[in-house]
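Indexing begins at 1, ligand by ligand and atom by atom, following the structure's order.
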Amino acid sequence: MTKEKSERKDKLFYQQKNGYDLIDKKELELVESYCKGYISYLNGAKTEREAVASGIRLAEERGFVPYKTGMELKPGSKVYFSNRSKALMLAVIGKKPLSEGSIIAAAHVDSPRLDLKQVPMYEDNEICYLKTHYYGGIKKYQWLTIPLELHGVVALKNGELVDICIGKDKSDPIFQITDLLPHLNKEQRKKSAEEFVPGETLNIVIGTIPDKEDVSDRVKLAVMDILNQKYGITEEDFLSAELTAVPAYEVREVGFDRSLIAGYGHDDRVCAYAELAAILETENPEKTAVCILADKEEIGSEGVSGMKSMAFERFMGDLCDTQGVKLTHCFANSLCISADVTNAFDPVYPDVSEKRNAAKINYGMSICKFTGHGGKSESNDASAEVVARLRRIFAENNVVWQMAELGKVDQGGGGTVAMYMAERDIDTIDAGVPVLSMHAPYETVSKFDCYMTYKGIKAVYDEK
Ligand code: MN
Ligand code: MN
């Protein structure tokens with residue numbers, strides 16, 4: 001190929017480059033230091049409540065204060081609002097009035113997991129178990145035999161809230177769901193992956209030593225005794241508990257080059273942290289910067305703490321009231337980055353993706369113009385104008401990014417909070433980090449893509 005031809009090609013073709021060919025040593029150091037912060041955040045945020053608590057801690061360190069209705073706000077003010085300790089909204093008030101819109105980044109902090117049932121405890125053949133009801137889209141077989149921790153709260157009748165976190169400390173026990181030995185799984189092997197682990201078999205082993213008293217359910221009695229001594233609870237208290245089993249895995253670097261990060265709950269705490277890091281560094285933005293860490297995305301954004309909840313209107317409406325601005329006018333002029341993960345092209349399973357439009361590891365922040373399934377059903381299809389606006393911002397700020405589509409046409413699909421933001425008359429686009437093994441108990445992302453997603457969100461907050 002002659003030099004001239006290659007120059008024409010460079011000019012006329014859309015050619016993507018591996019991110020590592022695009023950044024210098026100095027920025028590589030920024031990637032590393034950013035990811036150190038993320039790893040520490042993820043290790044401490046295995047439930048939405050923990051993600052919110054960590055978010056508040058980080059925000060307060062950076063001068064954010066709890067928002068109270070009626071408080072005085074001026075450009076540069078930094079506030080946060082905790083929605084029932086399960087979702088978090090933060091804002092940095094902009095120089096321009098809210099009638100000109102805000103810049104919103106919306107991620108979610110709930111992840112697929114195994115919730116305990118409300119009457120979870122039982123004993124069978126002198127083994128004590130907790131029954132679970134899985135939350136979000138999981139491949140049930142992935143949860144067998146792996147080490148589990150128990151996180152959550154028990155709300156007592158007297159109004160007290162007991163925090164539970166067992167398994168995280170190295171001296172704690174862990175919990176486990178058993179699986180059949182291969183020597184005896186002739187029948188199990190014949191079943192499809194969907195059938196061979198029925199939901200009602202996801203029962204967690206929690207004890208085997210019987211009580212000395214000669215009664216039935218002696219093991220259960222002995223375990224309940226331990227729980228009562230340690231946490232002051234009785235079996236009835238499970239009725240008003242939110243306890244969840246999550247993988248007892250620490251976040252680790254992956255590969256000889258340490259380029260990847262494995263952890264539980266990258267979906268979507270990797271984008272939640274990117275937003276948080278970006279808004280915590282935002283000072284005096286042109287337009288008000290808003291960061292949302294929502295709950296319940298994995299089950300359809302339902303509930304008071306999900307993105308469909310009016311809690312968002314309440315917070316944004318209050319901010320608008322302080323400036324005498326109509327909320328509907330603010331929404332109509334706002335831009336929302338629906339920050340959520342997407343599928344990273346996996347060369348071991350190439351058939352589910354269409355490689356010209358799949359997100360690739362180390363190619364940067366992924367923008368999805370649309371998500372959904374089939375003929376773009378249940379998708380927020382962002383406008384060409386919104387995509388162009390991001391192209392401009394990213395080009396001006398050297399953000400490495402890629403356009404992505406989740407899987408081949410008719411292969412399946414997925415959604416995010418994007419459509420619920422767009423329903424509010426807010427221009428919205430999906431963007432986030434590509435993930436390998438999404439929704440597995442231990443997911444994997446690239447450090448480079450994590451950093452670029454943060455850099456991209458920061459650039460949008462800083463738009464002039
Ligand atoms: Mn997600
Ligand atoms: Mn998800």
Side-chain angles (χ1 to χ4, degrees), residues 38 41-42 45-48 50-52 55 86-88 104-115 134-140 142-143 244 246-247 261-276 291-303 305-309 336-344 346 352-353 358-359 365-373 378-380 382 404-407 411-422 428-446 449-450 453-454 456-457:
Y38 171 53
Y41 173 80
L42 189 61
K46 287 194 167 177
T47 63
E48 67 279 5
E50 291 171 1
V52 166
K86 298 177 72 156
L88 185 65
I104 303 162
H108 66 93
V109 286
D110 60 317
S111 299
R113 62 191 191 223
L114 303 179
D115 284 344
Y134 64 93
Y135 172 98
I138 62 165
K139 290 162 92 173
K140 284 172 267 190
Q142 293 179 331
W143 292 74
T244 186
V246 294
I261 307 171
Y264 163 65
H266 285 311
D267 179 7
D268 183 33
R269 291 163 198 145
V270 70
C271 296
Y273 183 76
E275 286 181 17
L276 256 178
C291 164
I292 302 167
L293 311 184
D295 181 27
K296 296 282 182 277
E297 192 279 339
E298 295 296 356
I299 58 167
S301 296
E302 316 288 349
S305 50
M307 204 58 248
K308 288 182 189 168
S309 163
C336 175
I337 305 291
S338 164
D340 205 343
V341 299
T342 189
N343 177 49
D346 187 340
V352 300
S353 296
M365 182 186 200
S366 294
I367 302 297
C368 295
K369 185 175 180 294
F370 54 88
T371 57
H373 55 92
E378 297 190 307
S379 161
N380 159 64
E405 179 173 352
L406 191 141
Q411 185 70 39
T416 63
V417 301
M419 59 179 171
Y420 310 116
M421 301 308 284
T428 303
I429 185 160
D430 277 295
V433 177
V435 177
L436 289 165
S437 317
M438 198 201 289
H439 280 210
Y442 212 39
E443 303 171 313
T444 302
V445 293
S446 118
D449 301 334
C450 292
T453 299
Y454 146 77
I457 293 171

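What you find for Ala404 and Ala359 is that their closest heavy atoms are CB-CB, 3.6 Å.
Looking only at atom types and distance, the side chain of Thr416 has no donor-acceptor partner in the side chain of Asp340 under 3.5 Å away. No side-chain donor-acceptor contact under 3.5 Å links Tyr273 and His266.
Among residues two or more places apart in sequence or in another chain, the side chain to side chain donor-acceptor pair (under 3.5 Å) test is passed with Asp267 by His108, His439.
Inter-residue side-chain proximity for Ile457 and Met365 is flagged as met; some heavy-atom pair is nearer than 4.5 Å.
Among the candidates Glu443, Lys46, Arg269, the single residue satisfying the side chain to side chain donor-acceptor pair (under 3.5 Å) test with Ser111 is Arg269.
The number of protein N, O or S atoms lying under 2.8 Å from the Mn ion (ligand 2) is 4.
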